[in-house]
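Below you'll find the structure, written out as structure tokens, and then a few comments.
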2 protein chains.
Amino acid sequence: MIYTVGEMAKRIGVAPSTLRYYDKEGLLPFVERSEGGIRVFKETDYEWLQVIECLKKTGMQLKDIRAFILMAMEGDSTIDERLELIIRQREAVAQQIADLQETLAMLDFKKWYYETAKAHGTTDVPRNITLEELPEEFREVRRKLRGK
Amino acid sequence: MIYTVGEMAKRIGVAPSTLRYYDKEGLLPFVERSEGGIRVFKETDYEWLQVIECLKKTGMQLKDIRAFILMAMEGDSTIDERLELIIRQREAVAQQIADLQETLAMLDFKKWYYETAKAHGTTDVPRNITLEELPEEFREVRRKLRGK
DNA sequence: TCTTGACTTAAAGTCAGGTTTAAGTTGTAT
DNA sequence: ATACAACTTAAACCTGACTTTAAGTCAAGA
């Protein structure tokens, strides 16, 4: 099965202009052309696009994704380099998850804060609550919000 | 304790120009000025800046953060609205974490892929492995990468 | 008082990651 | 053979979030 740029764009869920832009930026060196110059996407190209999507979700920039793709085009001589890059990116994503979990803790505190405010009709109550009255799970996060 | 824009920027870890930009965009309506027009940050302003940083980390846009800050300036009449916004943002962050965990699974597969390639000197081995030989934990993610 | 560093503003510049436009070409269906 | 949708390119435009620049003002120490 082969696809045009529009069909493949639909399949992976991006605009056709986005795939053309990626091609222009050198991220799609594997895409071939018809006699008339029309892009022809193959089934294996779908896998490459999935890898690009995956790396994009890790927060990697397009120029770094291009470097990875070009390495892959080089063949087996770049296996070590590609492994190192994947390991670094894995660590980066693990860190992003840890950061978001901290953010979630802040939001859980704010949720409690506004629920308590709602129950009393004023934010004065949660704002002025003593450390002892504050549910234990929120003490650390309130300390952090108010500075050292 | 009071701070100038430069001191407060250092304390929260952003450039002074960023705080001036936020002020220009209406995110800092609580910041007062000296006689001569110099911004004077108070201790409670630090808490606001922490809240702004927290909401930024959730992926919220500056214009939406401004709306939240302006609501807070309105006082207790906006408690319900603010609670709803916090709940929505909490859900959004929970979703982001779930998405990143999927990405992490992809990277773990790729890590195994390149480790196996490294051990054999070629990506042919992990690429052509049968579904039965593939470690069970990676079967789902490989299926997803290759399309339905 | 004078110097100096940090402050002020408006406006322009930067960067990433696209999207849109304009003019032209390809390829399929009738 | 012709129509028409979908393709092609280069170049301009857009958005968000800053950053830099230029010209000028404030405030604290010598």
Side-chain angles (χ1 to χ4, degrees), chain A residues 1-42 45 48-69 89 92 96 99 103, chain B residues 1-42 45 48-69 89 92 96 99 103:
Chain A
M1 196 59 189
I2 61 163
Y3 306 85
T4 66
V5 68
E7 290 161 351
M8 188 53 99
K10 197 165 193 176
R11 185 166 172 206
I12 61 160
V14 304
S17 60
T18 304
L19 288 185
R20 293 195 190 100
Y21 169 68
Y22 286 0
D23 196 8
K24 195 178 61 158
E25 293 299 304
L27 275 79
L28 316 181
F30 44 81
V31 175
E32 293 172 16
R33 301 291 185 121
S34 75
E35 275 291 289
I38 304 247
R39 289 177 189 83
V40 178
F41 288 79
K42 305 177 299 297
D45 296 347
W48 280 117
L49 294 175
Q50 290 278 81
V51 169
I52 289 171
E53 285 299 294
C54 172
L55 292 178
K56 259 208 311 181
K57 283 182 197 154
T58 71
M60 203 184 241
Q61 287 181 211
L62 296 190
K63 68 170 156 50
D64 296 323
I65 297 176
R66 177 182 54 205
F68 180 79
I69 299 280
Q89 221 50 32
Q96 285 172 45
D99 290 351
T103 300
Chain B
M1 198 59 189
I2 62 163
Y3 304 86
T4 66
V5 69
E7 289 161 351
M8 187 53 99
K10 197 165 195 178
R11 185 167 172 204
I12 62 160
V14 303
S17 60
T18 304
L19 289 185
R20 292 194 190 102
Y21 169 68
Y22 286 179
D23 196 9
K24 193 178 64 163
E25 293 300 303
L27 275 80
L28 315 181
F30 44 81
V31 173
E32 294 174 13
R33 301 290 185 122
S34 73
E35 276 291 290
I38 304 249
R39 288 177 190 84
V40 177
F41 289 80
K42 304 176 300 298
D45 297 346
W48 280 116
L49 293 175
Q50 290 278 81
V51 169
I52 289 172
E53 285 299 293
C54 172
L55 292 178
K56 260 209 311 181
K57 284 182 197 155
T58 72
M60 203 184 238
Q61 288 181 207
L62 295 189
K63 67 170 159 48
D64 296 322
I65 296 176
R66 177 181 55 205
F68 180 79
I69 299 280
Q89 218 52 32
Q96 286 173 44
D99 291 350
T103 300

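Throughout, protein chains are lettered first and strands after them, A, B, ... in sequence-line order, and every chain is numbered starting at 1.
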message: Once you apply a heavy-atom cut-off of 4.0 Å, does B:R20 come out as touching a base, just sugar-phosphate, or nothing?
response: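 Base contact.
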- request: Looking at every strand, decide which applies to B:S17 at a 4.0 Å heavy-atom threshold: base, sugar-phosphate, or nothing.
  value: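 Since a base atom lies under 4.0 Å of B:S17, the category is base.
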Whole angstrom is fine here: how far is it from [atom1] in [X] over to [atom2] in [N]?
X: A:Q61; N: C:dT14; atom1: CD; atom2: C1'; answer: 13 Å
X: A:Y22; N: C:dA16; atom1: OH; atom2: C1'; answer: 11 Å
X: B:Y21; N: D:dG16; atom1: OH; atom2: C1'; answer: 6 Å
X: B:D23; N: C:dT8; atom1: CG; atom2: C1'; answer: 11 Å

Work out which heavy atom in [X] is nearest to a heavy atom in [Y]; give both atom names and the distance.
X: A:L62; Y: A:L27; result: O-CD1, 3.9 Å
X: B:V40; Y: B:S34; result: CG2-N, 3.7 Å
X: B:G6; Y: B:P16; result: CA-CG, 4.2 Å

message: Can you see if the side chain of B:K56 gets near the phosphate of D:dC18 - specifically, an N or O under 4.0 Å from OP1 or OP2?
response: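 Yes.
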message: Does C:dC7 have OP1 or OP2 under 4.0 Å away from a side-chain N or O of B:T4?
response: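 Affirmative; the distance criterion is met.
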Can you figure out which of [options] approaches the side chain of [X] most closely?
X: B:R39; options: D:dA27, D:dT8, C:dT9; value: C:dT9
X: A:V5; options: D:dT8, D:dC18, C:dT8; value: D:dT8
X: B:T18; options: D:dC18, C:dG18, D:dC7; value: D:dC18
X: A:I38; options: C:dA16, C:dG18, C:dT26; value: C:dT26

